[in-house]
Every structure is written in structure tokens, then in C-alpha cells.
Amino acid sequence: MFLFLLGISVLTRAVSARPSLSHLRHHFSTENESEEVRSAAIKRLLEVFGMEDPPAVHGHKQPPQYMLDLYNTVAHVDGVSKDPYLLEGNTVRSFFDKLHSEQVEFRFSLSSVARSEKVLTAELHLFKLKPQTSVTFNRHHFCQVSVYQLLDSSKGNTTQQRKLLSSRLIPVLAAGWEVFTITQSVRSWMGDEGSNLALQVVVWNLGGSQADKKLVRFASGRNHHQSKQPMLVLFTDDGRRSATTESTDFKDSPASPSLPQAPMSGLSSRTARSLDYSEEEGSFTPCQRLPLYVDFDEIGWSGWIVSPRGYNAYHCKGSCPFPLGQNMRPTNHATVQSIINALKLIKGVETPCCVPDKLFSINLLYFDDDENVVLKQYNDMVAGSCGCH
């Protein structure tokens, strides 16, 4: 009997300890709502970055050194632009050769470039190798390197098999990257994908004959390290540049951020009543810029974003009381509005708002779905300073 009563007691406590059905429903409902909000928020953030879905993660692939150097040229370590006009357009893409041919022929897939993007400049980057030591050096110290676009002779009236795009002299003994501009050809590919057959590189002696392939060699995608692979670099503009004007006074840029504006002293009791109250500090605060760090790892984007790992967007918080001093960077409209509010001349007129009055762009270096590395500039992403508007 004792054991029976004990079992009933334990069972009763276990049942009473279980959360009620309504509590469970509320818990799961809250979780689902939170997940929906998170999904909607990330979808909206992707739209800000001009994407429908996050690019697929392809493991730890090394981006081309050229793209890393370009990023470091135009952006600070946190991604904030050093100068919004350093970059031609707002997007730079690097494409690796798809043919991997033993011949000096290359083909690049441009399917990831939207037709609406304006092609500004296209460059073919080739790594010239040192001549093989077994080759006897001839009397010419330079050679002529010509880049051709292969043509489909079955289309139109042309009987040509190739079209000259770029040609120049380079030292025979030199080794390193050589860059050839092929903008017009790439623009034609964007208009007609079928015309993108391949590029061909031919090396000529100064006498007019083709050079020995062992004397003048370029790295290929088949036999050489990824850091030396042929690459097409495309500078484009997707038309998303902001209509707002960024400051060119880079002394105020986020690289050396201005200090938060100091609270005004000697406030009257009437003024104090219109200020924001901070429960944590137990004081009122005027309009000022505060940190707001965006962590790409926390969002789940660290797998495809190369740089930066996150950035400080900052946000504006505080009040804009009467009278508005110049340290609050008010517009004339905000000054008039604050006067109307203070004098209670018109019912329902609030004090001006504390908002960003200077915005800076950031740069993102990332892998797209096709494993191309993209450098993209996004305007109006960082609050440079705050004011009363």
C-alpha cells in the first residue's frame, strides 16, 4: 500500500511539473515567430546587398591576390571605403579560365553578370613565366603579344577566324603579370553569349614570325598553381549607386571617426524635459552617434564573405531639444520645427529627429555561386555622423 501511494505521489509531481499545453503552444509559437522574423530579416538584408539568396559555400578557396590587393586599396580593414570614387563603377569580378587548354586559348563564363550591368572595363590578366633555361636566347630582347577573339565564321558575312583585340611589346626575359584591355569584346559577349567562343594569345618575334613556345610562356589553368591562373577582371556598374552625396572630407571618415558629440551643459528645466532619458545612466542624452556592429559570422555569412568579417554601421540616438546648437548639426527646417514645438504654436508638431546626416559606403569581397570572387561597393551603409533633422 505504501509503495502504491508513493508511486501515485511521484506520478502526480511529474505531471504537475510538466508545462501546460497552452504554455507549450505559446513556446513553439514564439519560436516559430522568431524564426520567421529572422528569415524575413535576412531576406531583406540580402536585398540590400543585391542578392536573392546567399551564395553557396565552396570550402576554403583562396581568392586571387589581385582582388585582395584591390580590396585593400579601396577599403579600410573594416570594409569602409577610403574614397567612394577610387573604384571604377561599383562592382569588380574576377573569372578563371574554363577551357584549361594546353594551347594559349581561354574562355570565361560571364553568366553571373546581369545584362543590366554596364561594362566599364574588361582586362585579361596573364602570368608570364620565365623562359626555360634550355632554350637558346635569340637576338631579340622583346616580343609582341597579341590577343585575339575567336570568331564563328558561319555567322554573318565574315570569313575571319579571329579578331585582334590588343597587342603590345613585352620583354622576353620578364616574368610576372601582364594585363590586356579587351573591353569591346566583352561588351559584345554580353549582347550575344554565343559569340563568346574563346580568346587566343599569339606571341610574335620582332621579325614577324611566331616565337618559340618554350621561350615565351604563359601560365595555364591546367598545369600551374591557382595563384598564376589566367583571369578575366570585369569592372561594371549595376546602377545601384546612391543619389545621396558622400562627403569627400575623409578626415571625418570612419577610419578616424569623430568623437560622439558631447552633451550640452547648462540646460534649462524646460529643455531637459524634451530630452531622451536613459534608465541605465540615469541621465538625459542629446543626439549622438552610437556603435552598431554587424557581425557576418553571427548572421551565418562567414562561409562566402572574404572581407570584412563585419563592420560598424553605427546608429543615431538622442533628442533634439530647443534651442538647437550647431553641435547638433541642425538643418534650417529642424531649427524652425524646434521653435514651433517649443512655443506650442501648432498642436502635434514634434521635436526634430536624431538621424544620420552623413553616410559612408562599405566594400564587400565575396565568392559568388560560380566561385568567382566579387568586390562590390554599397553606398549609405555607415552613419558617419548624426544631426537633428
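What you see is a predicted model, and the numbers here were worked out from it, not measured in a lab. All residue numbers in this chain count up from 1 along the given sequence.
- Hydrophobic clustering (ILVMFWY, side-chain heavy atoms < 4.5 Å, transitive): V48 and V80 are in one cluster.
- Minimum heavy-atom separation, N363 to S81: ND2-OG, 2.8 Å.
- The two residues K358 and S385 make their nearest non-hydrogen contact at CB-OG, 3.4 Å.
- Checking D69 against Q65 by side-chain atom types alone, a donor-acceptor pair falls below 3.5 Å.
- Ion pair R309/D78 not flagged as a salt bridge, since none of the NZ, NE, NH1 or NH2 atoms sits closer than 4.0 Å to an Asp/Glu carboxylate oxygen.
- Put simply, the side chain of F360 does not reach to within 4.5 Å of the side chain of N379, judged on heavy atoms.
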Does the side chain to side chain contact (heavy atoms under 4.5 Å, CB included) test come out yes or no for V382 and I362, once each step is laid out? CA-CA 7 Å; V382 175; I362 67 166; 3.5 Å; yes

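- Side-chain contact between F218 and V216: present, with at least one pair of heavy atoms (C-beta onward) separated by less than 4.5 Å.
- The two residues F106 and P230 have their closest heavy-atom pair at CE2-CG, 3.4 Å.
- Atom CD of Q161 and atom CG of L150 lie 8.5 Å apart (nearest 0.5 Å).
- Put simply, the side chain of N90 gets close to the backbone of D238: a donor and an acceptor are under 3.5 Å apart.
- Side-chain contact between L364 and L375 is absent, with no heavy-atom pair separated by less than 4.5 Å.
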Verify side chain to side chain contact (heavy atoms under 4.5 Å, CB included) between L365 and V374, making sure each step is shown before the conclusion. CA-CA 6 Å; L365 188 68; V374 183; over 6 Å; no

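- Clustering ILVMFWY residues whenever any of their side-chain heavy atoms sit less than 4.5 angstrom apart, transitively, puts V202 in a cluster other than the one holding V145.
- Side-chain contact between Q62 and S227 is absent, with no heavy-atom pair separated by less than 4.5 Å.
- W204 and L206 are assigned to two separate hydrophobic clusters, defined by single-linkage of ILVMFWY side chains at heavy-atom distances under 4.5 Å.
- One finds the CZ atom of F142 at 10.0 Å from the CD1 atom of I170 (value rounded to the nearest 0.5 Å).
- For the ring pair (Phe, Tyr, Trp, His ring centres under 6.0 Å) test with Y366, the passing option among W301, F49, W304 is W304; the others fail.
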Between side-chain atoms of residues 115-129 and protein atoms elsewhere (two or more places apart, or another chain), which donor-acceptor pairs fall under 3.5 Å?
residue : atom : partner : partner atom : Å
R115    : NH1  : M190    : O            : 2.9
E117    : OE1  : R93     : NH1          : 2.9
E117    : OE1  : T236    : OG1          : 2.5
E117    : OE2  : R93     : NH1          : 3.1
E117    : OE2  : R93     : NH2          : 3.0
T121    : OG1  : E88     : OE1          : 3.1
T121    : OG1  : E88     : OE2          : 3.1
E123    : OE1  : H125    : NE2          : 2.9
K128    : NZ   : V172    : O            : 2.6
K128    : NZ   : A174    : O            : 2.7

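- Atom NE2 of H315 has more than 12 neighbouring heavy atoms from other residues, nucleotides or ligands inside a 6.0 Å radius.
- Between the side chain of Q377 and the main chain of P84, a donor-acceptor pair closer than 3.5 Å is present.
- L87 and Y66 fall within the same hydrophobic cluster, where Ile, Leu, Val, Met, Phe, Trp and Tyr residues are linked whenever their side-chain heavy atoms come under 4.5 Å apart, directly or through other members.
- Hydrophobic clustering of Ile, Leu, Val, Met, Phe, Trp and Tyr side chains at less than 4.5 Å, counting indirect connections, keeps L169 apart from L164.
- With a 4.5 Å cut-off on side-chain heavy atoms, Q337 and N341 do not count as touching.
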Pair H76-K82, side chain to side chain contact (heavy atoms under 4.5 Å, CB included): steps then yes or no: CA-CA 6 Å; H76 297 288; K82 294 178 180 178; 3.6 Å; yes

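- Ring-plane geometry between F296 and Y311 is classed as tilted, the angle between the planes lying from 30 to 60 degrees on a 0 to 90 degree scale.
- In this structure, the separation between CZ on R162 and CD on Q149 is 12.5 Å, given to the nearest 0.5 Å.
- Between G318 and C354, the shortest heavy-atom contact is O-CB, 3.5 Å.
- The two atoms that bring Y71 and V77 nearest to each other are OH-O, 3.7 Å, heavy atoms only.
- At most 12 heavy atoms of other shown residues, nucleotides or ligands fall within 6.0 angstrom of atom CD in E298.
- For the atom pair S195 OG and L151 CG, the distance stands at 9.0 Å (nearest 0.5 Å).
- Rounding to the nearest 0.5 angstrom, the gap separating the CG atom in N372 from the CG atom in L110 is 9.0 Å.
- Atom CG of N332 has 12 or fewer heavy atoms from other residues, nucleotides or ligands within 6.0 Å.
- Counting only distance, with no hydrogens or angles, the side chain of R107 and the backbone of L197 share a donor-acceptor pair below 3.5 Å.
- Within the cation-pi definition used here (under 6.0 Å to the ring centroid, within 45° of the axis), R168 qualifies as a partner of F180.
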Stepwise salt bridge (charged side-chain N to carboxylate O under 4.0 Å, His left out) check, K43 with D53: CA-CA 8 Å; K43 181 177 176 59; D53 298 295; over 6 Å; no

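- Among all heavy-atom pairs drawn from M231 and S94, the shortest one is SD-CB, 3.7 Å.
- Under 3.5 Å, the side chains of K98 and S109 contain no donor-acceptor pair of N or O atoms.
- N312 places a side-chain N or O within donor-acceptor distance of the main-chain N or O of L292, the cut-off being under 3.5 Å.
- Interatomic distance, E350 CD to I340 CD1, rounded to the nearest 0.5 Å: 13.5 Å.
- Side-chain contact between T91 and F235 is absent, with no heavy atoms from C-beta onward closer than 4.5 Å.
- Remark: the backbone N or O of S185 is paired with a side-chain donor or acceptor of S188 at under 3.5 angstrom.
- Between L199 and I182 the shortest side-chain heavy-atom distance falls below 4.5 Å.
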Please assess C386 against C316 for the test disulfide bond (SG atoms under 2.5 Å apart), listing each intermediate value before the final yes or no. CA-CA 6 Å; C386 300; C316 299; 2.0 Å; yes

Go through H389 and D357 one step at a time and tell me if the side chain to side chain contact (heavy atoms under 4.5 Å, CB included) criterion holds. CA-CA 8 Å; H389 289 212; D357 63 357; 3.3 Å; yes

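- Without hydrogens or angle criteria, N196 side chain to F108 main chain gives a donor-acceptor distance under 3.5 Å.
- When side chains are defined from C-beta on, M328 counts as touching P321, because their heavy atoms get closer than 4.5 Å.
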